[in-house]
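What's counted below: heavy atoms across the whole structure, side chains too, no hydrogens, waters or symmetry copies.
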Amino acid sequence: DTGVSQDPRHKITKRGQNVTFRCDPISEHNRLYWYRQTLGQGPEFLTYFQNEAQLEKSRLLSDRFSAERPKGSFSTLEIQRTEQGDSAMYLCASEGDRNTEAFFGQGTRLTVV
Amino acid sequence: AQSVTQLGSHVSVSEGALVLLRCNYSSSVPPYLFWYVQYPNQGLQLLLKYTTGATLVKGINGFEAEFKKSETSFHLTKPSAHMSDAAEYFCAVSGRVTGGGNKLTFGTGTQLKVEL
């Protein structure tokens, strides 16, 4: 088990482009979370999956953002028509049913130019 | 709703000195509390957590924290700082989400600097 894996680690994109990030959770962890962290701030919750079901979304998740977890394993986070304000670190975390501890990936740092 | 306040965005200590990072929380339900550490351009690593039971919890790398309900605090301490402790530290409180998950609300973080 290699922990939570995120890809890519860094992404630079032009404003208006679409980007997609991937998260591979720890195997058999049925809970998966996405967080966003801007410079100088703590991570902020974006969305939560239990298996393939997206059960909660933050108001931070505008209609340009969509997340999926089609088979209850890996997850993707897509941002359409990126804006400079989307520049941030996007963190994925996974958690087992009986855990009270979320394990974080190393994050994807997005820069919108 | 939950919230976390970390007093002091930057803390500087000498190597070998006591580390004290402050965290106060607000929660409408009995809280689960966490301290995470983040090194530059890395994800978050759990240092320790409080769920129930003993209010003094010990974590990795010699850190510990005490849950004080009356003060709504969960301060992080380490008796003797090491250069490798220099990093950003986040306090977090857990709130329940639909389906039984644990959504974390983080503080704004405290950057710890350790000087020779």
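- Between chain B and the options A/A102, A/P43, A/S58, heavy-atom pairs under 4.5 Å are most frequent for A/P43.
- Under a hydrophobic clustering in which Ile, Leu, Val, Met, Phe, Trp and Tyr are joined whenever their side-chain heavy atoms come within less than 4.5 Å, directly or via other members, A/F74 and A/I26 fall into different clusters.
- The cluster map of Ile, Leu, Val, Met, Phe, Trp and Tyr, joined by side-chain heavy atoms under 4.5 Å apart, puts B/I60 and B/V57 in the same cluster.
- For B/K49, the part lying near chain A is the side chain, with the backbone staying farther off; criterion is any non-hydrogen pair under 4.5 Å.
- Within residues 4-29 of chain B, no residue has any heavy atom less than 4.5 Å from a heavy atom of chain A.
- Ranking A/H10, A/E101, A/R109, A/Q50 against chain B, the residue ahead of the rest is A/E101, based on heavy-atom pairs under 4.5 Å.
- Centroid-to-centroid, the aromatic rings of A/F104 and B/Y36 come within less than 6.0 Å.
- Applying the 4.5 Å side-chain rule to ILVMFWY residues, one finds A/V19, A/F21, A/L32, A/W34, A/L46, A/F49, A/L61, A/F65, A/L77, A/I79, A/Y90, A/L110, A/V112 in the same cluster as A/L60.
- Contact annotation: the side chain of A/E44 never approaches that of B/T105 to less than 4.5 Å [non-hydrogen atoms, C-beta and beyond].
- Both B/V93 and B/F67 are members of a single hydrophobic cluster when ILVMFWY side chains are connected at heavy-atom separations under 4.5 Å.
- Minimum interatomic distance between A/M89 and B/Q42 (heavy atoms only, all atoms of both residues): CE-O, 4.3 Å.
- In this structure, A/E68 places its CD atom where only 12 or fewer heavy-atom neighbours from other residues, nucleotides or ligands lie under 6.0 Å away.
- In the hydrophobic clustering of ILVMFWY residues, with side-chain heavy atoms under 4.5 Å counting as a link, B/V114 and B/Y39 come out together.
- The parts of A/L55 that come within reach of chain B are both its backbone and its side chain, each placing non-hydrogen atoms under 4.5 angstrom from that chain.
- B/L47 and B/Y32 are not part of a single hydrophobic cluster, where members link through side-chain heavy atoms under 4.5 Å apart.
- Under the 3.5 Å distance criterion, the side-chain polar atoms of A/Y35 are matched with a main-chain donor or acceptor of B/L104.
- Around the CZ atom of A/R64, the shell of radius 6.0 Å holds more than 12 heavy atoms that belong to other residues, nucleotides or ligands.
- Side-chain contact check for B/F90 versus A/Q37: some heavy-atom pair is nearer than 4.5 Å.
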